[in-house]
Amino acid sequence: MPPAHPLPHPFFLYGTAWKEDRTAVLTELALRTGFRAVDTANQRRHYFEAAVGEGLAAAYRAGVVTRADLFLQTKFTYRPGQDHRLPYDPAASLSEQVAQSLASSLEHLATDHVDSFVLHGPASPYGWTAHDAEVWEAMRKERDAGRTRLLGASNISVRHLLQLGAGGAELPAFVQNRCFAHTGWDREMRRFCRENNIVYQGFSLLTANAEVLHNQLLADLSHRLNATRPQIIFAFAKAIGILPLTGTSKSEHMQQDLASLDLTLPTDAVEAIESLSG
Ligand SMILES: NC(=O)c1ccc[n+]([C@@H]2O[C@H](COP(=O)([O-])OP(=O)(O)OC[C@H]3O[C@@H](n4cnc5c(N)ncnc54)[C@H](OP(=O)(O)O)[C@@H]3O)[C@@H](O)[C@H]2O)c1
């Protein structure tokens with residue numbers, strides 16, 4: 001059975017990776033600009049989750065948003081994906097590490113639950129392992145205890161998800177993957193997600209697809225639709241069912257990225273961009 005996820009999901013996610021000392025200010029700015037969904041991770045190597053919490057707190061204090069207006073997403077990251085700043089005891093079992101990581105996220109974000117808790121990546125790129133099964137079961141328990149509403153999996157293949165499902169476990173509500181045009185914009189995974197009621201979140205839509213951004217087709221569409229090339233890419237993502245992430249650090253780009261949601265591409269443009277891919 002596909003998982004039921006009754007909550008409306010957001011239309012754009014603001015990504016908080018790689019912002020270090022600017023994390024709080026940029027998170028607050030994203031909320032002031034209109035983002036209502038925030039993606040982070042309890043992985044200090046690439047994210048500063050406590051500072052995301054500071055940005056949220058500043059926005060709450062200023063009356064910009066309340067917790068109830070927001071969709072907050074964080075991740076559990078295995079030890080090899082972390083540096084020395086761990087959100088759990090490395091000697092603890094994986095199940096305990098999951099519980100400790102989420103407890104620490106809830107403290108960072110000053111909330112009693114997140115909206116989505118994501119496995120940052122499976123233990124092996126080749127298949128779903130016993131470690132993943134243990135972690136996924138621990139994440140399910142966190143969900144059932146109300147500390148997250150939904151579960152997600154990132155940096156994952158259809159093969160992993162088939163193996164996860166074959167073991168009788170519940171599929172995620174979200175998949176979050178880097179989306180390359182040359183893989184047909186992750187066509188195989190997007191199809192699997194459609195068939196299984198999973199929302200596909202795409203990251204690196206701009207940075208992984210420079211060849212598309214610089215294609216003449218994008219220049220022509222940009223001129224024809226009076227939109228920037230990144231806006232065309234985000235509007236295209238929306239048209240093919242991708243929930244996009246942006247981690248922009250610029251106020252102007254935040255506004256443009258959100259405005260791209262109002263841009264509806266003609267069908268021929270969607271097909272043309274899709275056909276640029278592999
Ligand atoms: N699950 C994972 O393993 C994973 C991995 C990577 C990322 N993520 C998530 O995804 C988020 C986004 O990461 P990303 O890899 O997609 O890269 P990104 O941080 O969004 O970077 C995108 C680049 O595009 C530029 N950009 C954004 N909007 C633009 C616009 N309207 N016009 C021109 N340039 C624009 C940004 O430059 P400016 O700052 O100058 O606008 C930036 O250089 C991360 O913050 C993180 O939350 C997850």
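Residues take their numbers from the sequence shown, with the count starting at 1. Counting convention: from 1, in listed order, for ligands and their atoms alike. Fair warning: this is a prediction, and the values are worked out from it, not measured in the lab.
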S.K.: Tell me which protein heavy atom sits closest to atom 8 (N) of ligand 1, plus the residue, atom name and distance to 0.1 Å.
M.R.: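 Answer, as residue, atom name and distance: Y47 OH, 3.6 Å.
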S.K.: Would you say Y14 contacts ligand 1, with heavy atoms under 4.0 Å as the rule?
M.R.: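 Distance cut 4.0 Å: Y14 fails for ligand 1.
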S.K.: Purely on distance, is any nitrogen or oxygen of W18 under 3.5 Å from one on ligand 1?
M.R.: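 W18 vs ligand 1: no N/O contact under 3.5 Å.
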S.K.: Could you pull out, from S204, S154, A17, G81, the option with a heavy atom nearest to atom 14 (P) of ligand 1?
M.R.: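 Among S204, S154, A17, G81, the closest heavy atom to atom 14 (P) of ligand 1 comes from S204.
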S.K.: Write down the atom of L109, the atom of V114, and the distance for their closest heavy-atom approach.
M.R.: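 Minimum heavy-atom separation between L109 and V114: CD1-CG1, 4.0 Å.
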S.K.: Under 4.0 Å from any heavy atom of P230, which atoms of ligand 1 are there?
M.R.: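 Near P230, meaning under 4.0 Å from one of its heavy atoms, ligand 1 has 30 (C), 31 (N), 32 (N), 33 (C).
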S.K.: Give the residue and atom name of whichever protein heavy atom lies nearest to atom 5 (C) of ligand 1, and the separation in Å to one decimal.
M.R.: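 Of the protein heavy atoms, F203 CE1, 3.2 Å lies nearest.
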S.K.: In a check of side-chain contact (heavy atoms from CB on, under 4.5 Å) between Q82 and each of P87, S101, P90, which one passes?
M.R.: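 Of P87, S101, P90, side-chain contact (heavy atoms from CB on, under 4.5 Å) with Q82 is met by P87 alone.
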S.K.: Can you tell which of R143, E142, R149 makes a side chain to side chain donor-acceptor pair (under 3.5 Å) with H113?
M.R.: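 The single option meeting the side chain to side chain donor-acceptor pair (under 3.5 Å) with H113 is R149.
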S.K.: Would you check if there is a donor-acceptor pair between the side chains of Q255 and T33 at a distance under 3.5 Å?
M.R.: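 Note: T33 and Q255 side chains miss the donor-acceptor criterion.
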S.K.: Which of the numbered atoms in ligand 1 are below 4.0 angstrom from a heavy atom of D257?
M.R.: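 Going through ligand 1 atom by atom, the ones under 4.0 Å from D257 are 27 (C), 28 (N), 29 (C), 30 (C), 31 (N).
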S.K.: Check ligand 1 against N155 and write out every atom of the ligand that is under 4.0 Å from a heavy-atom position of the residue.
M.R.: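 Close to N155: 1 (N), 2 (C), 3 (O).
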S.K.: Please state which option from G121, G247, S249, S251 has its nearest heavy atom closest to atom 19 (O) of ligand 1.
M.R.: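 Minimum heavy-atom distance to atom 19 (O) of ligand 1 goes to G247.
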S.K.: Would you check if there is a donor-acceptor pair between the side chains of H160 and S157 at a distance under 3.5 Å?
M.R.: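 Yes, H160 and S157 have a side-chain donor paired with an acceptor closer than 3.5 Å.
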S.K.: Just which atoms of ligand 1 are under 4.0 Å from any heavy atom in K250?
M.R.: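 In order of number, 40 (O), 41 (O).
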S.K.: Find out if a path of hydrophobic residues (ILVMFWY) with successive side-chain heavy-atom gaps under 4.5 Å connects V118 to V158.
M.R.: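 Shared cluster, no.
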S.K.: Only heavy atoms of T246, strictly under 4.0 Å: list the atoms of ligand 1 that pass.
M.R.: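 Atoms satisfying the 4.0 Å criterion: 20 (O), 27 (C), 28 (N).
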S.K.: For T228, state whether at least one heavy atom is located under 4.0 Å from any atom of ligand 1.
M.R.: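 No, T228 has no heavy atom closer than 4.0 Å to ligand 1.
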S.K.: Is there a salt bridge (Lys or Arg N to Asp or Glu O under 4.0 Å) between K250 and D257? Walk through the geometry before answering.
M.R.: CA-CA 10 Å; K250 295 209 173 76; D257 292 355; over 6 Å; no
S.K.: Taking atom 23 (C) of ligand 1 as the point of reference, which of L245, I233, T207 owns the nearest heavy atom?
M.R.: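 Checking each option, the heavy atom nearest atom 23 (C) of ligand 1 is found in T207.
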S.K.: Does NZ or CZ of R44 come closer than 6.0 Å to the centre of the six-membered ring of F48, within 45° of the ring's axis?
M.R.: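 Verdict for F48: a cation-pi partner in R44.
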S.K.: Whether the Y60 and D69 side chains hold a donor-acceptor pair (N or O, under 3.5 Å, no angle test) is what I'd like checked.
M.R.: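 No - no donor-acceptor pair under 3.5 Å links their side chains.
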S.K.: Regarding Q231 and S260, do their side chains bring together a donor and an acceptor under 3.5 Å, going by distance alone?
M.R.: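 No - no donor-acceptor pair under 3.5 Å links their side chains.
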S.K.: Looking at atom 40 (O) of ligand 1, is any protein heavy atom nearer than 4.0 Å to it?
M.R.: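 Given the 4.0 Å limit, the answer for atom 40 (O) of ligand 1 is yes, a protein heavy atom qualifies.
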S.K.: Should one rank V118, D39, T248, L206 by closest heavy-atom distance to atom 38 (P) of ligand 1, which comes out on top?
M.R.: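 Going through V118, D39, T248, L206 one by one, T248 has the nearest heavy atom to atom 38 (P) of ligand 1.
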S.K.: Is it the case that ligand 1 has an N or O less than 3.5 angstrom from some N or O of T16?
M.R.: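 Yes; the residue has a nitrogen or oxygen that sits under 3.5 Å from a nitrogen or oxygen of the ligand.
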S.K.: If the cut-off is 4.0 Å to any non-hydrogen atom of G15, which atoms of ligand 1 fall inside it?
M.R.: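 This gives 11 (C), 44 (C), 45 (O), 47 (O) as the contact atoms.
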S.K.: Which atoms of ligand 1 sit under 4.0 Å from any heavy atom of H120?
M.R.: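 Here the atoms of ligand 1 in question are 1 (N), 2 (C), 3 (O).
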S.K.: For atom 30 (C) of ligand 1, what's the nearest protein heavy-atom neighbour? Residue, atom name and distance, please.
M.R.: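 The closest one turns out to be H253 CG, 3.4 Å.
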S.K.: Only one of T16, L13, T40, L150 passes side-chain contact (heavy atoms from CB on, under 4.5 Å) with Q73; say which it is.
M.R.: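 It is L13; the other options fail the test.
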S.K.: If you measure only the distance, is there a donor-acceptor pair under 3.5 Å linking the side chains of N42 and T74?
M.R.: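 The criterion, which ignores hydrogens and geometry beyond distance, is not satisfied for T74 and N42.
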S.K.: Give the numbers and elements of all ligand 1 atoms closer than 4.0 Å to a heavy atom of Q176.
M.R.: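 Ligand 1 atoms under the 4.0 Å threshold to Q176: 1 (N), 2 (C), 4 (C), 48 (C).
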